[in-house]
Every structure is written in structure tokens, then in C-alpha cells.
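Here the structure is a predicted model, which is why all the values come from computation and not from measurement. Just so you know, these numbers use all the heavy atoms, side chains as well, and skip hydrogens, waters and symmetry mates.
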Amino acid sequence: MSATSPAAVVVLAAGEGTRMKSKTPKVLHEISGRSLVGHVVAAARELDPQHLVVVVGHASEQVTSHLNAGDAVRTAFQAEQNGTGHAVRMGLEELGGSVEGTVIVVCGDTPLLSGETLGALAATHAADANAVTVLSAEVPDSTGYGRIVRDSATGAVTEIVEHKDATDEQRAIREINSGVFAFDGRLLADALGKVRTDNSQGEEYLTDVLSILREAGHRVGASVAGDHREILGINNRLQLAQARRLLNERLLERAMLAGVTVVDPGSTLIDATVTYERDAVVHPGTQLLGTTHLAEDSEVGPNSRIEDTVVGTGARVDNSVTLSAEIGAGALVGPYAYLRPGTRLGAKAKAGTYVEMKNATVGEGTKVPHLSYVGDATIGDHTNIGAASVFVNYDGVAKHHTTIGSHCRTGSDNMFVAPVTVGDGVYTAAGSVITKDVPAGSLAVARGQQRNIEGWVARKRPGSAAAQAAQASSRETDGQS
């Protein structure tokens with residue numbers, strides 16, 4: 001923990017979010033690879049707090065299960081949503097009722113809020129020795145927001161005035177309250193016990209803590225966010241889409257400043273969990289999702305979906321979909337390939353046009369150039385799989401494995417009926433259905449003998465266009481002989 005690391009961060013995520021008009025709890029709606037609350041938790045963890053607790057209420061089991069899908073997150077249960085003050089009190093009770101040090105309270109529907117901004121809030125709170133520090137923002141239009149009113153001499157916050165209660169002079173103020181606060185933990189616990197419910201909603205308001213502490217002679221300050229858009233909360237699908245666009249722009253900017261070429265940022269999507277190295281290139285219409293990693297000099301797109309995939313140094317993915325795959329250095333994918341989970345392409349391997357792979361390991365320099373399905377298979381190094389080949393892996397009940405060795409040359413239109421093993425250096429004839437193991441160095445031919453029945457068209461299809469063409473061809477041949 002650093003000197004300004006908070007003792008605790010309390011994330012408020014108990015609300016239903018009815019304006020989302022969704023069966024999914026609001027905080028579980030996703031943008032840029034994380035849920036709304038997931039983004040907030042990630043930002044909070046950047047502060048390295050001693051304690052992190054998320055207050056859940058509506059659909060608590062679903063939200064808790066989501067939070068614990070990765071690194072476990074401590075939760076507190078708010079059985080009835082009796083206001084923000086009550087929610088924070090539930091969070092503190094989970095931590096023993098009181099916390100020594102700074103407690104940061106943040107809403108679970110603010111996915112644009114960064115760890116850097118929360119860190120600045122904690123630093124300002126410590127430097128100014130405040131009892132409460134409000135995260136504020138200066139906005140172009142403050143209509144509808146609570147205004148931050150400061151003491152002109154000291155800069156301390158004297159009050160937060162709601163828009164409906166503000167004077168004309170106060171309505172001209174552009175600094176607004178974000179709903180994010182840093183508190184002295186001991187003073188917060190004491191003040192929460194004094195919050196009353198004699199208001200129109202009959203709820204415990206967290207903002208009442210500010211007036212309670214101020215009236216007790218404690219200082220209330222503010223820390224201004226560098227970008228007012230960070231404090232935006234999400235209440236409906238329109239705001240969800242707007243936040244996605246803003247976050248996507250931020251993530252792409254970060255990637256470009258790190259040395260990634262993004263040809264058209266306006267048509268490119270990237271998740272917060274994507275990583276990359278310098279000189280990677282992303283072409284238009286590409287989605288980089290999940291835990292995808294782009295290595296140095298790799299090139300993806302256009303019009304590709306790359307999800308949970310490692311793209312190796314100098315590899316190329318063109319107009320393709322890859323899901324939970326590994327693409328080796330210098331490998332080529334596409335155009336129009338589909339790599340499904342468990343696919344591993346070796347260095348300089350190729351999954352070409354209209355090739356689908358699933359649970360397949362493909363060796364170095366091996367090529368599956370076009371129109372083929374490779375499922376549940378292992379292929380060695382420097383092998384070439386002929387066009388229109390199918391690895392027949394499913395018998396209607398279970399999946400079976402096919403193994404093909406190194407330096408093989410398999411013919412076009414081959415069927416490999418698993419389980420089957422093809423040894424190193426094998427050739428297979430075009431049109432073969434391979435049902436038995438093939439020893440190394442063999443030629444496998446598994447097709448019926450060709451039989452030509454001459455004159456069949458004239459006898460069976462007399463007068464047809466085919467018969468006329470054949471007759472004309474015969475006359476031409478006879479004339480040349």
C-alpha cells in the first residue's frame with residue numbers, strides 16, 4: 001500500500017436500475033469487456049485499498065456470483081434499498097462498523113471512472129486533511145446537477161446545492177457533485193449514525209453526512225476530475241452506448257500511444273482487457289475482445305473478430321473470427337477462416353480461406369489452405385492438407401481424435417474418419433476416405449475404381465442438350481480422324 005492508499009473502498013451496487021428496462025441488473029450490463037461494476041472494481045483495485053467491499057441488494061446472488069467469477073470480491077447485503085447512506089452503513093458493518101483511515105465511496109454504475117482520478121481524490125483528501133472530500137467536475141452544462149459551493153478564501157466546500165434549490169448565481173456554477181466521496185472512516189461511521197430519514201423519500205442520504213460533519217466544525221473539500229465525462233453514471237441503454245463509445249475511444253488512444261497502428265478508430269472496438277505490443281496493426285472493422293494479445297508486428301483485420309486469442313509476432317489475421325485460439329509467429333489466418341476454442345497454430349502455419357478449426361494443434365509451417373474442417377486433431381510440421389478435406393470427428397455420440405504426422409501431403413477432398421492416425425511423410429490420393437491407420441511413408445488410396453459407360457447419355461437421355469453436345473463432339477472427332 002502507498003501512503004495515500006485508502007483503508008477501504010465501498011462500491012454501491014444494490015440498485016435495480018429500472019430505467020435499463022432489462023432482466024439483467026444494471027451493474028451487470030457490459031461495455032468494453034467488463035460489467036459496469038467490474039470497471040469500477042478494477043479502478044478501485046488500482047488504489048490498492050486495504051479493504052474492498054461491494055454493497056449488493058437487487059439480484060444479490062447474481063451480482064455476487066458475477067463478482068466472484070474472477071478474483072473474489074467481498075460483498076455486503078443491503079436487504080432494503082433505504083438510500084445511499086444506509087448502503088454505506090451496510091458496507092461498513094461488513095468491515096466491522098468503523099474503519100481507521102480513508103474510506104472512498106463510489107457508485108457501481110460509473111464505468112468511465114479511472115483509478116488515476118480516484119487516486120487524485122485520495123491524495124487531495126490526505127493533503128488537505130479533510131473530513132470529507134467530494135469528487136467534483138466542471139461540466140459544460142450543469143443543469144440538473146448539485147452545485148459545489150466553495151468558500152472563496154479557503155476553497156473549502158460550504159455546501160452542495162441541488163439545482164431546484166439553487167439561486168440564479170449558484171446555477172451559474174459549473175462545478176458539480178459526482179456522488180463519489182473520500183471520508184475519514186471514523187468520522188463517517190459516527191455521522192452515519194446521525195443521518196435522519198425525514199425527507200420525501202424516507203431514506204438515509206449519504207450527502208447528509210457532509211452537512212453533519214461541516215456543522216461539527218470539520219473541513220469539507222473537493223477534488224476536481226480532469227475529465228468531466230469520467231463521472232457519468234449509466235441509467236439507460238442510450239447512456240450505456242454513449243459510455244461504450246467514450247471508453248472505447250480512451251482504450252484505443254492508449255493503444256495508439258503505446259505504438260499500435262489503428263487504421264480507423266471509428267470502426268474498431270477494443271476491450272479493456274486486451275493487451276498489445278508495439279507495431280501491431282489493426283485494420284478497420286475489427287473487434288479485439290476479452291484477453292486477446294497482439295504481439296509485435298502482428299496484423300489483424302479488416303472485418304475480424306479476435307476474442308481471447310494470442311496473435312503471435314508477425315502473424316496475420318484477415319477477415320476472420322478467432323475464439324480462444326493461439327496463432328503462432330508468422331502464421332496466416334483467412335480470409336474468412338473460423339478458429340474455434342482450442343485451436344493452436346504453430347509458427348508460419350496457415351488456416352486459409354473458408355477453413356474452420358476446433359480443438360486442433362497445427363504444427364510449424366503446416367498449411368490448411370482452403371475449404372476444410374479440422375476438428376479434434378493434431379497435425380505435425382510442414383504438412384499440407386488438400387482442399388475440401390474434412391476431419392470426421394463425431395460419430396453421433398462422442399468426439400474422436402485424428403493425428404496426421406509431419407511432412408505429409410494429403411489429397412483434395414479427403415475424409416479422415418476418426419479415430420485414425422496418419423504417419424510421417426504420408427501421401428493420400430484425392431477423393432480418399434481414410435478409415436484405417438496409414439504407416440509412415442505410405443501412399444493411401446481409399447476410393448472406388450473409375451468405370452466409364454460409353455454411350456449412356458445417348459441411350460438414357462436422348463434428345464437432351466447433353467446428348468446433342470456429345471453427338472456433335474463425336475462428329476467433330478470423326479471428322480478429324
Side-chain angles (χ1 to χ4, degrees), residues 30-35 38-39 42-43 46 70 111 114-115 244-353 355-368 374:
E30 293 190 2
I31 61 172
S32 301
R34 290 189 181 122
S35 64
H39 282 288
E46 290 184 34
S114 67
R244 180 182 290 110
R245 176 177 57 81
L246 292 170
L247 184 53
N248 192 65
E249 289 176 357
R250 180 197 296 175
L251 294 168
L252 287 174
E253 179 180 297
R254 184 182 302 167
M256 289 185 283
L257 292 175
V260 176
T261 294
V262 180
V263 177
D264 182 17
S267 67
T268 303
L269 293 179
I270 184 171
D271 279 352
T273 45
V274 170
T275 56
Y276 34 74
E277 299 172 22
R278 66 179 185 176
D279 292 322
V281 178
V282 183
H283 290 283
T286 296
Q287 301 176 43
L288 303 173
L289 308 175
T291 57
T292 289
H293 177 77
L294 303 182
E296 188 172 347
D297 296 321
S298 60
E299 193 170 350
V300 295
N303 307 316
S304 296
R305 180 185 175 195
I306 318 295
E307 183 172 348
D308 297 328
T309 295
V310 175
V311 183
T313 302
R316 177 80 170 90
V317 180
D318 180 6
N319 282 275
S320 296
V321 175
T322 72
L323 308 175
S324 300
E326 295 181 21
I327 301 169
L332 299 175
V333 177
Y336 314 117
Y338 182 21
L339 304 189
R340 292 165 57 191
T343 298
R344 299 176 61 190
L345 287 184
K348 299 182 179 179
K350 181 177 182 179
T353 307
V355 169
E356 180 178 350
M357 293 184 176
K358 186 269 296 184
N359 193 29
T361 299
V362 179
E364 180 178 350
T366 286
K367 294 177 171 56
V368 186
V374 180

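The shortest heavy-atom contact between Thr268 and Pro284 is OG1-CA, 4.5 Å. The two atoms that bring Ser114 and Ala43 nearest to each other are C-CB, 4.0 Å, heavy atoms only. Here the shortest heavy-atom pairing between Arg316 and Pro302 reads NH2-CD, 4.3 Å. The minimum heavy-atom distance linking Gly301 with Thr286 is given by the pair CA-OG1, 3.3 Å.
Listed by first and then second residue, the salt bridge (charged side-chain N to carboxylate O under 4.0 Å, His left out) pairs that reach into residues 254-280 are Arg278-Glu296, sequence neighbours excluded. Counting only residues at least two apart or in different chains, ring pair (Phe, Tyr, Trp, His ring centres under 6.0 Å) contacts with residues 283-334 are absent. Residue pairs meeting the salt bridge (charged side-chain N to carboxylate O under 4.0 Å, His left out) criterion with at least one partner in residues 302-314, sequence neighbours excluded, are Arg305-Glu307.
Checked against side-chain contact (heavy atoms from CB on, under 4.5 Å), Leu269 has the following partners two or more places apart in sequence or in another chain: Asn248, Gln287. A search for side-chain contact (heavy atoms from CB on, under 4.5 Å) contacts involving Ala272 returns Arg34, His39, Leu251, not counting sequence neighbours. With sequence neighbours excluded, no residue forms a side-chain hydrogen bond (donor to acceptor under 3.5 Å, both in side chains) with Asp297. Looking at residues two or more places apart in sequence or on another chain, you find a side-chain contact (heavy atoms from CB on, under 4.5 Å) between Thr261 and Val263, Val281. By the side-chain hydrogen bond (donor to acceptor under 3.5 Å, both in side chains) test, Ser32 pairs with no residue at all, sequence neighbours left out. In this structure, the salt bridge (charged side-chain N to carboxylate O under 4.0 Å, His left out) partners of Lys358, at least two apart in sequence or on a different chain, are Asp376. Residues that satisfy the side-chain contact (heavy atoms from CB on, under 4.5 Å) test with Ala349, not counting sequence neighbours, are Leu345, Val362. Contacts of Ser35 classified as side-chain hydrogen bond (donor to acceptor under 3.5 Å, both in side chains), with partners at least two apart in sequence or in another chain: His66.
No side-chain heavy atom of Thr313 sits less than 4.5 Å from a side-chain heavy atom of Ser298. Between Asn303 and Ser320 there is no side-chain heavy-atom pair separated by less than 4.5 Å.
Atom CG of Leu288 is separated from atom CD1 of Ile306 by 7.0 Å, given to the nearest 0.5 angstrom. The CD1 atom of Ile270 sits 13.0 Å away from the CD atom of Glu249 when rounded to the nearest 0.5 Å.
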Please output the side-chain donor-acceptor pairs of residues 323-343 that fall under 3.5 Å, not counting sequence neighbours, one pair per line with the distance.
{"residue": "Arg340", "atom": "NH1", "partner": "Glu356", "partner atom": "OE2", "Å": "2.8"}
{"residue": "Thr343", "atom": "OG1", "partner": "Arg340", "partner atom": "O", "Å": "2.9"}
{"residue": "Thr343", "atom": "OG1", "partner": "Met357", "partner atom": "O", "Å": "3.3"}

